[in-house]
Asker: 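Take this structure first; my questions come after.
The model shown is predicted, which means the values in this text are computed figures rather than measured ones. Lettering follows sequence order; numbering is per chain, from 1.
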There are 2 protein chains.
Amino acid sequence: MLVSTTVLLLSLAPSCLSIWPIPRSLDLGDQILKLSDSFDITFGFASPPQDLLDAATRTRNNIRSDQLGRLIVGRGSSDSDLFGTASALSNLVLDLKNNDSAARPIKVEAVAALSVRDEAYSLSIPADGSPGTVTANTTLGLLRGLSTFEQLWYTFEGIIYTSYAPLNIFNDSPAYPYRGVMIDTARNFFQVSDIKRTLDAMYLVKSNTFHWHITDSQSWPIQILEFPELARAGAYSTNQSYTPNDIQDVVTYAAERGIDVLMEIDTPGHTSIVGASHPEYVACFLSDWITFAGEPPAGQLRITNMTVANFTANVLGAIAKTLPSTLFSTGGDELDMPCYAADEATQKTLKETGKTLFDALDDFTATTHGALHALGKTTVVWEEMVLEYNTTLRNDTIIMVWISSNDAAAVVEKGFRIVHAPSDYFYLDCGAGGWIGNNPTGNSWCDPFKTWQQAYTFNPLANISSDQAHLVLGGEQLLWTESMRSRNDRGKP
Amino acid sequence: MLVSTTVLLLSLAPSCLSIWPIPRSLDLGDQILKLSDSFDITFGFASPPQDLLDAATRTRNNIRSDQLGRLIVGRGSSDSDLFGTASALSNLVLDLKNNDSAARPIKVEAVAALSVRDEAYSLSIPADGSPGTVTANTTLGLLRGLSTFEQLWYTFEGIIYTSYAPLNIFNDSPAYPYRGVMIDTARNFFQVSDIKRTLDAMYLVKSNTFHWHITDSQSWPIQILEFPELARAGAYSTNQSYTPNDIQDVVTYAAERGIDVLMEIDTPGHTSIVGASHPEYVACFLSDWITFAGEPPAGQLRITNMTVANFTANVLGAIAKTLPSTLFSTGGDELDMPCYAADEATQKTLKETGKTLFDALDDFTATTHGALHALGKTTVVWEEMVLEYNTTLRNDTIIMVWISSNDAAAVVEKGFRIVHAPSDYFYLDCGAGGWIGNNPTGNSWCDPFKTWQQAYTFNPLANISSDQAHLVLGGEQLLWTESMRSRNDRGKP
């Protein structure tokens, strides 16, 4: 009987179900349950951490203020006949399965290594008004239960109600440990408030990683205490850079919402802006970009120069040591080979040492990754490091596959863990035409627009065998910002 | 000497020339000329009409307020050295070539038949500060000269100047008589203020026709005195409909800016909304749209029913008689054949009369076009009337080619005049994915986005012989609004 009910409801689900992403197990009733005016969220264990208390308060407030109606013709009018006889929920109890140990704050659980992070929860809402419960092993799991709970409620003519009671979700947990959103804050600067707005939305859909592509050739918006010259010369303006406090503000705000911040300082390519303060570190600095870069401005770090490698390692370390995440990305995409070929300093060193450019890249990477490993970080790089440059990398390095979804299998074949970031499925900025102007039709290499339907047809395990499936950590959507900014309009910033 | 100067300057033009569209003849100097604080626009003939006086005032005000800088690195900094020694222009004289007859208002000249509309003008700006002149045969030509004049001026550190003096444009006139913008105000309603904002932009680039696709299956936003039920039942709301005063306001505002309003009441397809007040006139009214329409809602006029034909003719006539334009469009695209095949009333009449559906369409069109011809209107239709339905049309009917640019030659081959409205070049709403959801990738039939580069590579005479070239009246860009509205963002309307 339970099985047939589940099947029936899931078959109806496309027209009205508001729970997203869909839980692994979901038993939905079809009774109306109102939310009592005195509804409260309480705790079945002692001393809940402050960020869980805050999350409970936000949940209560959001349900009262969002005023969302059922997405069906007539909104809640067909439900309202039953409001008079429906029970009301007065209490949701959050409980930890293991009450013995002190509960750790969400912000600690949210940045644990992917292999041990525990987001599982169970949620039960009786139809008769008796207390609902969320149970989990961790405060992070309880947070995930809260985000599901928040999605259950509609408002119609002042009444807050769900039409899914009784509801039981048993041991929901993510299909993949890494579910992310990347924002490029270098091509266009994003205010902290815009980032927080995005983190709020990520929380609602249980996205758990904010990949912060914070620097690129166009600007260096991160202020680093030990290297103030980088932002001073490289930010678009003082108002368009992140102070150490801004960074901590974003990181904490994210972690309290169950989101880890994977920061990326893209190196050794995409670093023209370093030349604004250290021109001697950058090959092809501001040279003709048509010849020496994929887009203006040209310039990338001189990887053959040990001073540059040590400088880069120190910069990465100075940032990484301030961040709680176990992950840090050094980038590694789109090295411009004609630039290094034309750079006299690079060629001179290669000749003197008898090394190839890729040997030099190995040395450079060993230095930069070494600094991060010393801080206990797991390094993350773009796919070219594996598929094009054959760079020596530690086995636990995480590879982001962006050029094409077809490249994922080849990276997995080499034994690396991957994050899917495919331009053909997950790039949010494609489709409005190119901005460089080198295409006669005005379209860009990644046109057309990647719709949500396109994203939803993505198969994370395409061409990946079942014994390699554990190497697929998840995926992320990406917003590159050469022609995008924090708002979807053309008004003033 | 003159020739080589012209060639030189045109070769430099892409980097800085602000005159758009480019005049037929253009002799540009490279001297700085300032605009005097006492600059005024005066008239070389008696009794300029009020709308020309108003246009002169707007031009003066716009030049002072728009504060546009030169689109080069450093803006006007390289020009500013010469400000001290440059002359200043104190006067622009507008003059009619034939002073004998009284000048007609712009709003009269702007709605004259395309064959006699005269937009030509000459513009001369000496470098020494002596008066500039615009000469033309008509006040409409003088208006075009004003729009070119307005484009000459930059502002840098409070100084308004041009860097093109002396400038001579001799007898500039449009390459094509019809240069339009279409807006669909039925799928999404546009406020009058939004339409006026668009008309302002059209004026600046000498676009001369606002094609107003005012109704469609989704809504009927035009209030007609004789048929109040149509908007009462068919507008999204009272606030989302145009009163007769609104229509006259838009038409007058447009005409004063040299823009004719071509109104379209799309028939007999795209008329589901008529069923909201006259369900008996509409076949397949609100039937399953997947079967009976290209998009929801289903429904189109019963063309075999003479009552419906007469009603439609009366509606068109009631609107058309209030409009000064010589043009009126009856639409005629995308008839849904399965709908008529399944409609019992339609099939019954066809059987009784022994006519085919296309015979019936001929009769319907004769009735509706007859009503418009009686008002002196030239009718405009979409290409299917010629290429798919083989409808009997008067020879002077203007055909809009939208399905593909490749269809233009076939229409011209039949001897009709055309307006290019090709979905593959000029549709502004393509590229953000489809909204109907019947494409697995989520893209739409007209993806990708049509960039300005794509529009600029359009060849209006492709596959059209030189002796047929006179049949090409011009072209228009089109904004269909199923997924578009008056602003390029996602905020509240």
Asker: For atom CG of A:N463, is the number of surrounding heavy atoms from other residues, nucleotides or ligands below 6.0 Å larger than 12?
Answerer: no

Asker: Identify which of A:G434, A:A455, A:G431, A:C430 forms the greatest number of heavy-atom pairs closer than 4.5 Å to chain B.
Answerer: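 Option with the greatest count: A:G431.
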
Asker: Taking side chain as everything from C-beta outward and backbone as N, CA, C, O, which of these in B:T441 sits under 4.5 Å from a heavy atom of chain A? Side chain, backbone, both or neither.
Answerer: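 Interface part for B:T441: both.
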
Asker: Heavy-atom count check: over 12 atoms from other residues, nucleotides or ligands less than 6.0 Å from B:D66 CG?
Answerer: yes

Asker: Check whether any side-chain heavy atom of A:N443 lies under 4.5 Å from a side-chain heavy atom of B:T451, and answer yes or no.
Answerer: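 Contact flag for A:N443/B:T451 side chains = yes.
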
Asker: Does B:W445, at its CH2 atom, have more than 12 non-hydrogen atoms belonging to other residues, nucleotides or ligands within less than 6.0 Å?
Answerer: yes

